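Structure, as structure tokens:
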Amino acid sequence: MEERNLTGVRPYHMPAGGWGALKATAIAIAEQMHVAEAPELLLRTNKPDGFDCPGCAWPDKKHTSTFQFCENGAKAVTWEATERRVGPEFFARHTVTELLGWSDHALEDAGRLTHPMAYDAATDKYQPIGWDDAYARIAQALQAQADPNAVDFYTSGRASNEAAFLFNIFAREYGTNNFPDCSNMCHEPTSVGLPKAIGMGKGSVSLDDFDQCELIISIGHNPGTNHPRMMGTLHDCAERGVPIIVLNPLRERSLERFANPQSPTEMLSLTSERIASNYYQVKVGGDASALKGIMKALLERDARIPGTLDHDFIAEHTGGFEAFCDDLRATPWEDLERHSGLTRADMETVAAAYAKSKATIVTYGMGITQHSTGAHNVQQCAALLLMRGNIGKPGAGICPLRGHSNVQGNRSVGITELIDPVMFDNIEKTFGFRPPAKPGHNAVNTMRAISAGETKVLVCLGGNFAIAMPDAERCEAGMRGLTLAVHLNTKLNRSHLLIGKDAIVLPVLGRTERDMQATGPQSITVEDSMSMVHASRGKLEPASEHLRSEPAIIAGIAHATLPASRVPWLHLIEDYDRIRDLIEKIYPDFHDYNARIRVPGGFRLSLPATERIWKTASGKAEFLIFPGLDEDPEFPQALKLTTVRSHDQYNTTIYGMDDRYRGVFGRRDVLFMNADDMQRLGLEHGDKVEINTALKDQTHRRLTLTAIRHDIAAGSVAAYFPEANNLCPLDYQDPESGIPCYKSVPVELRKLPLAA
Ligand SMILES: Nc1nc2c(c(=O)[nH]1)N[C@H]1C(S)=C(S)[C@@H](COP(=O)(O)OP(=O)(O)OC[C@H]3O[C@@H](n4cnc5c(=O)[nH]c(N)nc54)[C@H](O)[C@@H]3O)O[C@H]1N2
Ligand SMILES: Nc1nc2c(c(=O)[nH]1)N[C@H]1C(S)=C(S)[C@@H](COP(=O)(O)OP(=O)(O)OC[C@H]3O[C@@H](n4cnc5c(=O)[nH]c(N)nc54)[C@H](O)[C@@H]3O)O[C@H]1N2
Ligand SMILES: [Mo]
């Protein structure tokens, strides 16, 4: 049949990267700022005396590399350094109701926030407010709460260590452990699942390990878009002949072929490097089965070829191996094939490649974590590595790809809703108060409490909480019940417009900007995906003279709210070294903090598993069994919806409407589908479909999109986040880690007439 010609949908056959990426960077710069200023700005990214790129948490070698070209890093930087401004005149022109009709792209594209603004119900507009008045209004609302647990403190992962630490101490002194954060939607399964397996909730590899590895297994991440600087590393490994095995339901172009914009030869000769040696299109939600199949094949191989498994390592360093093997043996191949979508031969091929490699890295992203089995999935990755002793040796290990550029650091300085007795003891010793004994809310529990009317005040250190969360309609209704929402942000977003009784938006300095305090310009510090902590210093003139730094705003609110506080808030922000001295007292791993961040490249936090010290209950690394194979045993026939990022977005920030490498241009209203599934359901390329969640929980969730044929595993469909968040149920989460299942929602489709 003749293929329908669809506007803005055409296949992309070029390698990722290359001149296309260079052109896209030039356009991004030209749209947002004076082209003459851009090179200087971009050259300061990720330099020892420059600022940390807000784009992603991938590290830089010794943080001293020459300029690393990165299209999406440039977008993140120029989006912040834009010349457009959203000030009092802007708000005078637009009511909140009118702004609610704008797209997410249009809201942020309007420019940088310049003044503190407070909502005025009479005019339905945000009106300017002075900083002290804003602090007083917030303090009054906080002091009015009979129960401090009626307040929630949300952190998005761009905040610096200094800001996150002050936020932590402020909220705990105020009297709550309610710390929802973006990590609850991102790598919580790593933070919760990995410690039980290897005694720490962070990655074990460093960049040097990538120089020495013999095999990379890459699962559920899209680095060409989300960690573009990682492409340079993968490209180098591929060039060295290292096999790269990919498990991903979508054929992501950058994982197939990549032209390195860093390489003059490739750029001039229009050549590129193959990235994946083997690409397996696992079903959405099929990773645990695929990993179990690979491990089962490995076990069977070990019976034939002794030495396949590292029995010495297993005996000396691990527990639970026998029971783990019994489970693998008892799991039939047919089940593993059906649930993973891979054949037994595929899984045996991966096992054979793995058995050949003396040093293997498993690297993964949201395709592994955002599932009802997220923590188990992470543990299966760890088990695969443990079978051949691939943790705690050069060239090997586990490499979770963190999201926001400092999401890992926020956790290291205490952003957690859980009770941490050591931290609480140190807080008591240092500040003379003890945080409350009751655990607080994570992100999902916060949204539940908001929609139940139990949370009255929400204070957000960055981010776009209500839009990033599942169940958009429920979140919106909940936000409208708040007494007060406070948002510290660089740009206007939809969460600011979901107003209850009162709302205050406070404009913050970005990473790129100079942060001047009483003792002079300040540096902040961040931690990358590989636990390296280093300083970041912005140099640009701030977007407005009214901006304040995140630490200064938190200190201002704390000072106003807690007049009898034992913390010298205003003294601390005069010189951020003073904040770091306190961080070191609460978290001894940061010892000699101020001295060590002054060394170019910074320092690495301790990672016991890298030295084969296992901080688990048993003192050994543990093989943990994943019971059962299906995430949603109730819905074996349903299609599984996964929600993904386009190439032109940063989470809820939509830079533009293209998704170049997936061949989608100028639109985001598509549902990626497998050709056989379309045929089975009587759908044609370009048909409109109504998507309904198959979960039976009394809520009718639906969305209309255009179905397009795409190279995606059978039984799996994909749509863009955040448009599809309405289809993700808030209560559908991993029981272990609490993460919402953004990457595996059972859905049913209904064909609509084209005119619908
Ligand atoms: N430019 C840019 N950079 C970013 C971000 C951004 O939005 N834009 N976001 C930042 C943040 S906060 C994060 S957390 C990271 C996110 O980085 P990624 O983890 O790369 O994020 P996603 O786009 O959500 O999707 C990841 C990949 O998972 C695959 N996938 C989907 N479902 C499954 C599954 O069930 N199994 C497997 N194996 N794969 C699956 C998808 O096909 C896709 O290739 O990136 C960070 N960096
Ligand atoms: N369906 C679905 N939903 C998802 C996901 C998914 O894959 N699928 N991914 C989840 C993940 S991994 C994450 S991390 C969350 C993201 O959730 P969030 O972190 O809450 O959201 P962002 O979109 O990153 O936040 C964007 C806002 O950050 C502000 N901002 C930017 N830079 C700064 C800064 O330096 N300081 C301050 N204070 N503000 C700043 C801007 O005002 C901008 O509007 O979304 C989650 N939601
Ligand atoms: Mo994330």
Side-chain angles (χ1 to χ4, degrees), residues 54-58 71-73 75-76 79-80 104 107-108 112-113 154-160 163 181-187 218-228 246-252 255 280 282-287 290 364-371 377 401-405 407 443 460-470 487-496 506-512 550 553 631 640 642-653 655 672 712-713 716 718-725 727-728 739-740 742-745:
C56 74
W58 186 253
E71 173 191 342
N72 279 354
K75 281 186 207 155
W79 192 253
E80 179 176 303
D104 291 324
L107 288 174
E108 285 212 27
R112 287 286 300 276
L113 294 161
Y154 174 70
T155 312
S156 161
R158 277 211 193 168
S160 61
D181 72 338
C182 72
S183 193
N184 296 145
M185 308 176 223
C186 186
H187 265 292
S218 137
I219 319 180
H221 67 119
N222 185 20
T225 289
N226 297 318
H227 301 90
V246 172
L247 296 182
N248 195 316
L250 278 88
R251 238 172 219 288
E252 304 288 24
L255 287 168
Y280 297 102
V282 65
K283 273 189 188 170
V284 160
D287 301 276
Y364 64 89
M366 300 297 100
I368 278 285
T369 60
Q370 292 175 335
H371 291 279
N377 289 354
L401 291 159
R402 294 280 166 175
H404 270 297
S405 51
V407 58
C460 294
L461 175 54
N464 190 3
F465 180 55
I467 306 308
M469 287 296 284
H487 303 277
L488 281 67
N489 282 89
T490 49
K491 289 201 165 182
L492 179 65
N493 66 42
R494 195 169 301 279
S495 292
H496 305 159
L506 302 174
V508 304
L509 286 173
R511 284 266 174 89
T512 52
E550 292 170 339
I553 298 171
E631 293 200 45
K640 299 285 169 59
T642 187
T643 56
V644 296
R645 294 155 169 78
S646 79
H647 193 62
D648 271 0
Q649 88 182 70
Y650 196 96
N651 301 337
T652 68
T653 296
Y655 300 129
F672 297 99
I712 179 171
S716 312
Y720 292 123
F721 140 58
E723 286 84 344
N725 283 33
L727 293 171
C728 305
I739 195 168
Y742 296 116
K743 295 259 188 298
S744 186
V745 181

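For this chain, numbers begin at 1 and follow the sequence in order. Just follow the structure's listing: the first ligand is 1, and inside any ligand the first atom is 1. Bear in mind that the values here come from a model prediction, so they are computed numbers and not experimental data.
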(message) Given S744, S156, G220, identify the one with the heavy atom nearest to atom 28 (O) of ligand 1.
(response) G220

(message) I'd like to know whether the aromatic ring centres of H187 and Y364 sit less than 6.0 Å apart in this structure.
(response) yes

(message) Between ligand 2 and K743, can you find any atom pair, the residue atom being a heavy atom, that is separated by under 4.0 Å?
(response) yes

(request) Please confirm whether M185 comes within less than 3.5 Å of ligand 2 when only nitrogen or oxygen atoms on both sides are compared. (result) no

(message) Please verify the inter-ring angle class for Y650 with H404; under 30° counts as parallel, over 60° as perpendicular, anything in between as tilted.
(response) tilted

(message) Quick check against the 3.5 Å criterion: does D181 have a side-chain atom that pairs as donor or acceptor with the backbone of N184?
(response) yes

(request) Check each atom of ligand 2 against the heavy atoms of N725 and keep those under 4.0 Å away; list them by number with element. (result) 1 (N), 2 (C), 3 (N)

(message) Considering non-hydrogen atoms of the protein only, which is the closest contact for atom 2 (C) of ligand 2, and what is the distance?
(response) Y742 CD2, 3.0 Å

(request) Just go through R251, E71, Q649 and tell me whose heavy atom is the nearest to atom 8 (N) of ligand 1. (result) Q649

(request) Heavy-atom distances under 4.0 Å are what count here, so tell me which part of I368 touches ligand 1: side chain, backbone, both or neither. (result) neither

(message) If you define the side chain from C-beta out and look only at heavy atoms, does anything of R112 sit under 4.5 Å from E80?
(response) yes

(request) Between R158 and ligand 2, find which residue part has any heavy-atom pair under 4.0 Å and reply side chain, backbone, both or neither. (result) side chain

(request) Examine N222 against ligand 1 and note whether any of their N/O atoms are separated by less than 3.5 Å. (result) yes

(message) Does any N or O of ligand 1 fall below 3.5 Å from an N or O anywhere on Q370, backbone included?
(response) no

(request) Compute the minimum heavy-atom distance from H647 to ligand 1 and say whether it is under 4.0 Å. (result) no

(request) May I ask you to decide if L250's main-chain N or O and N248's side chain share a donor-acceptor pair within less than 3.5 Å? (result) yes

(request) With heavy atoms under 4.0 Å as the rule, classify the contact between N72 and ligand 1 as side chain, backbone, both or neither. (result) side chain

(request) Give the numbers and elements of all ligand 1 atoms closer than 4.0 Å to a heavy atom of V644. (result) 41 (C)

(request) Would you mind listing which atoms of ligand 1 come within a distance below 4.0 Å of any non-hydrogen atom of T225? (result) 1 (N), 2 (C), 3 (N)

(message) Give me the residue, atom name and distance of the protein heavy atom closest to atom 6 (C) of ligand 2.
(response) F721 CD2, 3.5 Å

(message) Show, in sequence, the C-alpha distance, side-chain angles and deciding distance for K75 and D648, and conclude whether the side-chain contact (heavy atoms from CB on, under 4.5 Å) test is met.
(response) CA-CA 9 Å; K75 281 186 207 155; D648 271 0; 2.7 Å; yes

(request) Decide yes or no for L401 and N226: does some side-chain heavy atom of the first lie under 4.5 Å from some side-chain heavy atom of the second? (result) no

(message) Please classify the T642 to ligand 1 contact at 4.0 Å (heavy-atom distances, strictly less than): side chain, backbone, both or neither.
(response) side chain

(request) Measure the acute angle between the ring planes of F465 and Y154, then classify it against the limits of 30° and 60° as parallel, tilted or perpendicular. (result) tilted

(message) Quick test of your reading of the structure: of G367, G463, S646, whose heavy atom lies closest to atom 30 (N) of ligand 1?
(response) G367

(message) Test your reading of the structure: does M366 have an N or O sitting under 3.5 Å from an N or O of ligand 1?
(response) yes

(request) Identify the protein heavy atom lying closest to atom 43 (C) of ligand 2, giving its residue, its atom name and the separation to 0.1 Å. (result) E108 OE2, 3.2 Å

(message) Quick test: of every protein heavy atom, which one is nearest to atom 39 (N) of ligand 2, and how far off is it to 0.1 Å?
(response) G462 CA, 3.6 Å

(message) Can you name the atoms of ligand 1, numbered from 1 with element, that are less than 4.0 Å from a heavy atom of E252?
(response) 41 (C), 42 (O), 43 (C), 44 (O)

(request) Enumerate the atoms of ligand 2 whose separation from the nearest heavy atom of C186 is less than 4.0 angstrom. (result) 12 (S)

(request) Go through ligand 2 atom by atom and flag the ones less than 4.0 Å from a non-hydrogen atom of V508. (result) 36 (N), 37 (C), 38 (N)

(message) Evaluate R402 for polar contact with ligand 1, using N/O atom pairs at a separation under 3.5 Å.
(response) no

(request) Quick one: look at L247 and ligand 1, take heavy-atom pairs under 4.0 Å, and tell me if it's side chain, backbone, both or neither. (result) backbone

(message) Heavy-atom distances under 4.0 Å decide this one: backbone, side chain, both or neither, for K75 against ligand 1?
(response) neither

(request) Output yes when a side-chain donor or acceptor of N725 lies under 3.5 Å from a complementary backbone atom of A468, and no otherwise. (result) yes

(request) Using a 4.5 Å cut-off on heavy atoms from C-beta on, say whether the side chain of L247 contacts that of I219. (result) yes

(request) Any atoms of ligand 1 less than 4.0 Å from a non-hydrogen atom of V282? List them with their elements. (result) 38 (N)

(message) Please find the pair of heavy atoms, one from I739 and one from T369, that lie closest to each other, and give the distance.
(response) CG2-O, 3.4 Å

(request) Name the closest protein heavy atom to atom 20 (O) of ligand 2, giving the residue it belongs to and the distance to 0.1 Å. (result) Y154 OH, 2.6 Å

(message) I need the atoms of ligand 1 closer than 4.0 Å to a non-hydrogen atom of I219, numbered in the order shown.
(response) 38 (N)

(message) Using only atom types and a distance under 3.5 Å, with no angle test, would you say the side chain of E550 pairs donor to acceptor with the backbone of A159?
(response) no

(request) From the options H227, H221, H187, select the one whose nearest heavy atom is closest to atom 15 (C) of ligand 1. (result) H227

(request) Identify, for atom 17 (O) of ligand 2, the protein heavy atom at the shortest distance, and state residue, atom and that distance. (result) A468 CB, 3.3 Å

(message) Evaluate E550 for polar contact with ligand 2, using N/O atom pairs at a separation under 3.5 Å.
(response) yes

(request) Below 4.0 angstrom from a heavy atom of H404, which ligand 1 atoms are there? Numbered from 1 as shown, please. (result) 12 (S)

(message) Counting non-hydrogen protein atoms only, what is the nearest one to atom 29 (C) of ligand 2? Give residue, atom name and distance.
(response) N489 ND2, 3.3 Å

(request) Just jot down the ligand 1 atoms closer than 4.0 angstrom to any heavy atom of V284, in number order. (result) 35 (O)

(request) Find all atoms of ligand 1 within a distance of less than 4.0 Å from any non-hydrogen atom belonging to D287, and give their numbers and elements. (result) 34 (C), 35 (O), 36 (N), 37 (C), 38 (N)

(message) Show, in sequence, the C-alpha distance, side-chain angles and deciding distance for K640 and K283, and conclude whether the side-chain contact (heavy atoms from CB on, under 4.5 Å) test is met.
(response) CA-CA 8 Å; K640 299 285 169 59; K283 273 189 188 170; over 6 Å; no

(request) Would you check if Q649 and P722 make a side-chain contact, meaning some heavy-atom pair closer than 4.5 Å? (result) yes

(message) Looking only at distances, can you tell me whether any N or O atom of L488, backbone or side chain, sits closer than 3.5 Å to an N or O atom of ligand 2?
(response) yes

(message) Pairs of nitrogen or oxygen atoms closer than 3.5 Å, one from T643 and one from ligand 1: do any exist?
(response) no

(message) Considering both backbone and side-chain atoms of R645, is one of its nitrogen or oxygen atoms within less than 3.5 Å of a nitrogen or oxygen in ligand 1?
(response) yes

(message) Whether the side chain of K491 engages the backbone of W79 through a donor-acceptor N/O pair (distance < 3.5 Å, no angle test) should be reported.
(response) yes

(message) So, regarding G285 and ligand 1 (criterion: nitrogen or oxygen to nitrogen or oxygen, under 3.5 Å), is there a contact or not?
(response) yes

(request) Please examine the side chains of D287 and V282, heavy atoms only from C-beta on, and report whether any two atoms are closer than 4.5 Å. (result) yes

(request) Write out the residue and atom name of the closest protein heavy atom to atom 14 (S) of ligand 2, then the distance separating them to 0.1 Å. (result) C182 CB, 3.8 Å

(message) Side chains of R511 and S405 only: does a donor on one sit below 3.5 Å from an acceptor on the other?
(response) yes

(request) Using a 4.5 Å cut-off on heavy atoms from C-beta on, say whether the side chain of L255 contacts that of P223. (result) yes

(message) Could you check whether any side-chain heavy atom of I467 comes within less than 4.5 Å of a side-chain heavy atom of N493, counting everything from C-beta outward?
(response) no

(request) Determine whether N489 and L113 make a side-chain contact, defined as any pair of heavy atoms from C-beta on separated by less than 4.5 Å. (result) yes

(message) If you measure every N or O of N464 against every N or O of ligand 2, does any of those distances drop under 3.5 Å?
(response) yes

